[in-house]
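Below is one structure, written out as structure tokens; comments come after it.
Remember, it's 1-based here, ligands and their atoms both numbered in the order they're listed. Counting from 1, the numbers follow the sequence of the chain as shown. If you're wondering where the values come from, they're calculated on a predicted model, not measured in any experiment.
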Amino acid sequence: MTFTLSNPLRPAILAASRSTRLERGISRSKLTNRLVKRFVPGADEASAVAAVRALVESGRFISVDYLGEDISHPDEAEATVQAYLSLLEAYRSIGVDSSAAGARPLEVSIKLSALGQSLPDGEALALVNARTICAAAEEIGAWVNVDAEDHTTTDSTLRIVRELRQEFPSVATVLQAYLHRTEADCRELAHAGSRIRLCKGAYKEPAEVAFQSKDDVDASYLRCLKVLMEGQGYPMVASHDPQMIEAAQSYAREAGRDADDFEIQMLFGIRDGEQTRLIADGLRVRTYVPFGNDWYGYFMRRLAERPANLIFFLRSLVSTK
Ligand code: FDA
């Protein structure tokens with residue numbers, strides 16, 4: 001069975017990802033915690049840094065996300081900033097020489113909603129908070145990526161990224177192939193120096209703004225990927241899909257790109273063997289490593305993506321071991 005974006009279970013799981021009642025129930029289950037570890041190395045910074053160290057030793061680049069979204073008070077945004085500043089400080093102990101590589105092996109991925117974007121005057125607050133993180137990352141030679149959230153935030157996110165790039169040109173962002181607008185966004189953002197992560201998109205979006213079937217999303221992903229590969233920027237191919245990984249390599253060849261002119265990105269705990277195989281083939285692979293207590297929304301989106309994850313989860317809930 002292939003799980004597609006049009007699978008009837010996906011909307012229900014994505015709706016559940018926003019339910020606080022379910023969140024309380026699921027988070028309290030000890031069995032869930034065992035499964036969550038497959039996708040989230042831990043709640044504290046030390047677990048994240050240990051995972052990063054192992055990934056870097058295996059030849060991977062990394063991007064760490066401090067889990068959190070949909071905050072309700074500026075203090076929570078400040079706590080998120082502090083978590084990133086502490087993480088970036090801890091990056092120093094990993095001992096990666098970022099000046100030697102064309103690409104920086106260490107990155108942080110930030111969600112603007114966790115930095116205050118949806119609060120009153122949130123765009124200005126998120127920009128200030130993101131700037132603080134970018135300045136600290138610059139100092140230690142790490143990159144920053146601004147993640148994409150639901151479509152109501154896209155315009156605001158791209159405005160903030162444009163502002164950040166004035167001061168920190170290497171700041172990357174994410175475009176979601178399921179949105180109708182994304183091919184045009186790719187054309188606009190495929191300029192020299194522009195790092196763009198292309199993913200399919202993980203949120204529940206209405207048909208007015210997003211393709212609904214897997215075939216349409218895949219076709220859009222391929223069109224967007226071609227635009228990015230033929231452009232002047234640095235494409236980051238975020239997908240576990242063998243078809244997209246193949247296409248990335250062939251479009252890169254056609255566009256005359258070397259293996260260090262783009263990168264493949266996958267999530268922690270997903271297709272680990274494939275990640276190391278791609279490195280052995282000479283490709284750059286960056287692993288996205290989430291950490292923190294606020295794992296519920298992230299975890300539910302992973303369940304929505306793939307029936308095998310959901311079945312494993314349900315089995316762990318009824319297992320007596
Ligand atoms: P999809 O889920 O369509 O699966 C296609 C095929 O890939 C499957 O049929 C199978 O062959 C293979 N596959 C997928 N999962 C597998 C598994 N667990 N094991 C084995 N094979 C598997 N989204 C977003 O909205 N905003 C964001 O900022 C980001 N950021 C981000 C960063 C990175 C590094 C990644 C990899 C992904 C994101 N995403 C994201 C999530 C993204 O939008 C999407 O939901 C997931 O990557 C799932 O889509 P795929 O392209 O992986 O394939």
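- Both the sub-6.0 Å distance and the 45° axial angle are satisfied by R302 relative to the ring of Y298.
- The option with the heavy atom closest to atom 33 (C) of ligand 1, from among L267, V217, T287, V146, is L267.
- At a heavy-atom cutoff of 4.0 Å, ligand 1 is contacted by no atom of Q243, backbone or side chain.
- Both the backbone and the side chain of H240 come within contact range of ligand 1, each with a heavy atom under 4.0 Å.
- Using a 4.0 Å cut-off between charged nitrogen and carboxylate oxygen, E163 and R159 do not count as a salt-bridge pair.
- With respect to the salt-bridge test (charged N to carboxylate O, under 4.0 angstrom), the residues R131 and E138 do not qualify.
- Residues V49 and Y66 share a hydrophobic cluster, clusters being chains of Ile/Leu/Val/Met/Phe/Trp/Tyr side chains in contact below 4.5 Å.
- The closest side-chain donor-acceptor pair between Q117 and S156 falls under 3.5 angstrom.
- Interface atoms of ligand 1 facing K214, defined by a heavy-atom separation under 4.0 Å, are 3 (O), 5 (C).
- When heavy-atom distances to ligand 1 are checked against a 4.0 Å cut-off, Y203 comes that close only through its side chain, counted from C-beta outward.
- Checking R271, R302, M266 against atom 20 (C) of ligand 1, the nearest heavy atom belongs to R271.
- Residue R197 places a heavy atom less than 4.0 Å from ligand 1.
- Between D150 and K204, no side-chain nitrogen of the basic residue sits less than 4.0 Å from a carboxylate oxygen of the acidic one, so the salt-bridge criterion is not met.
- Comparing heavy-atom distances from atom 34 (C) of ligand 1 across Q265, R38, R286 singles out Q265 as nearest.
- Of all the atoms in ligand 1, the ones that sit under 4.0 Å from a non-hydrogen atom of I270 are 16 (C), 17 (C), 18 (N).
- Residues K214 and D241 are paired through a salt bridge, judged by an N-O separation under 4.0 Å between the basic side chain and the carboxylate.
- Listed by number with element, the atoms of ligand 1 under 4.0 Å from a non-hydrogen atom of V174 are 27 (C), 28 (O).
- Heavy-atom contacts of Q176 reach the following atoms of ligand 1: 24 (C), 25 (O), 26 (N) (cutoff under 4.0 Å).
- Around atom 26 (N) of ligand 1, the closest heavy atom drawn from A148, A177, G201, S239 belongs to A148.
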Acceptor/donor pairs from residues 55-63 side chains to any protein atom, 3.5 angstrom cut, sequence neighbours excluded:
from, atom 1, to, atom 2, distance (Å)
S58, OG, L55, O, 2.7
S58, OG, R60, NE, 2.9
S58, OG, R60, NH2, 3.2
R60, NH1, D272, OD1, 2.8
R60, NH1, Q275, OE1, 2.8
S63, OG, E107, OE1, 2.6
S63, OG, S109, OG, 2.7

